[in-house]
Engineer: 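Right, I'll just put the structure down here and ask away after.
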Amino acid sequence: MGSSRKQPFFCLKWPWLNNQNPQAPNVCTFQGPWLLKSLQNLGSIAFNSFDMFSKSSNSWINSFTHSPLYVRAGQNNNLKSKKRTLSPEEQGEAEQRAFASALASRKEATVIEFYSPKCSLCNSLIAFVTEVESRNSNWLNIVMADAENEKWLPELLHYDINYVPCFVLLDKDGKALGKTGIPSSRLHVVAGISHLLKMKRPLKKNS
């Protein structure tokens with residue numbers, strides 16, 4: 001009963017930190033999709049059922065390749081318009097185009113949401129983040145960055161991103177003003193996002 005491992009809410013270890021804290025609990029090593037690792041243990045299945053299993057597992061892998069995080073309403077149109085599954089390279093390029101477009105819009109603030117496709121907490125925030133961007137679209141952009149995609153490595157190092165989800169607030173010139181802390185719960189992340197937005201939310205003008 002105690003042998004099953006739950007999917008982590010957030011990850012505290014990245015590929016370039018593999019030699020640090022070797023005994024840290026709940027570490028994500030990013031050595032590959034968990035599904036591919038589990039397939040290695042299926043050698044004991046009877047050969048007469050192997051073909052049927054291979055077909056079903058292949059379709060499962062294809063559907064799992066990328067989380068539907070990038071289909072969030074309000075996120076860049078380049079990502080939403082893609083009906084097929086994007087490759088990691090295409091995903092990274094589309095996200096970075098959205099980031100460049102957000103900064104070019106010169107809105108008061110841009111928030112980068114660093115996430116992982118395997119992060120259940122990240123997925124649970126989709127509706128909330130969508131609503132936040134929709135309600136504040138006159139002064140705020142929110143863009144997404146897959147922390148497991150190597151195209152975001154410069155930003156991961158620059159903003160010192162060691163966990164997901166992590167939200168980084170930028171001003172209209174692209175200067176970082178703050179970021180959310182290590183997430184202990186969904187409520188903690190929501191509070192952190194609200195605190196960031198207060199730093200740049202325009203004051204309401206008295207009529």
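As a basis for the values below, the full set of heavy atoms in this structure was taken, side chains included, without hydrogen atoms, waters or symmetry mates.
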Engineer: Could you tell me the separation between the CG atom of Asn162 and the CD1 atom of Ile182, rounded to the nearest 0.5 Å?
Structural biologist: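 Interatomic distance, Asn162 CG to Ile182 CD1, rounded to 0.5 Å: 8.0 Å.
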
Engineer: Which value, rounded to the nearest 0.5 Å, describes the distance between Ile126 atom CD1 and Glu113 atom CD?
Structural biologist: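 Going from CD1 on Ile126 over to CD on Glu113, the span is 8.0 Å.
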
Engineer: Check Asp146 with Lys151, please: is the shortest side-chain N to carboxylate O separation under 4.0 Å?
Structural biologist: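 Answer for the salt bridge query: no.
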
Engineer: So, using salt bridge (charged side-chain N to carboxylate O under 4.0 Å, His left out) as the criterion, who are the partners of Asp160 when residues are at least two apart?
Structural biologist: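 Asp160 satisfies salt bridge (charged side-chain N to carboxylate O under 4.0 Å, His left out) with no residue once adjacent residues are dropped.
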
Engineer: With heavy-atom distances below 4.5 Å as the criterion, would you say the side chains of Tyr115 and Val129 are in contact?
Structural biologist: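 No - every pair of side-chain heavy atoms lies 4.5 Å or more apart.
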
Engineer: Locate the shortest heavy-atom distance separating Leu86 from Gln91; write the atom from each residue and the value.
Structural biologist: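 Looks like CD1-OE1, 3.3 Å.
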
Engineer: Can you measure from OG1 (Thr130) to CG (Leu125) and round to the nearest 0.5 angstrom?
Structural biologist: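 So the gap between those two atoms works out to 10.0 Å.
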
Engineer: Would you please classify the geometry between the Trp152 ring and the Phe114 ring as parallel, tilted or perpendicular, with 30° and 60° separating the classes?
Structural biologist: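 The rings of Phe114 and Trp152 stand perpendicular, inter-plane angle above 60°.
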
Engineer: Can you tell me how far the CD atom of Glu95 sits from the CD atom of Glu155, to the nearest 0.5 Å?
Structural biologist: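 Going from CD on Glu95 over to CD on Glu155, the span is 10.5 Å.
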
Engineer: Mind listing the side-chain donor-acceptor pairs of residues 195-203 below 3.5 Å, one per line with the distance, residues two or more places apart or on another chain?
Structural biologist:
{"from": "Lys200", "atom 1": "NZ", "to": "Glu108", "atom 2": "OE2", "distance (Å)": "3.2"}

Engineer: Of all heavy-atom pairs between Pro117 and Asn123, which one has the smallest distance, and what is that distance?
Structural biologist: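 For Pro117 and Asn123, the tightest heavy-atom pair comes out as O-ND2, 4.0 Å.
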
Engineer: What's the separation between atom CG in Leu156 and atom CG in Asn149, rounded to the nearest 0.5 Å?
Structural biologist: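 It comes to 9.5 Å.
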
Engineer: How would you list, by chain and number, every residue that makes a side chain to side chain donor-acceptor pair (under 3.5 Å) with Glu93, sequence neighbours excluded?
Structural biologist: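 Here no residue qualifies.
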
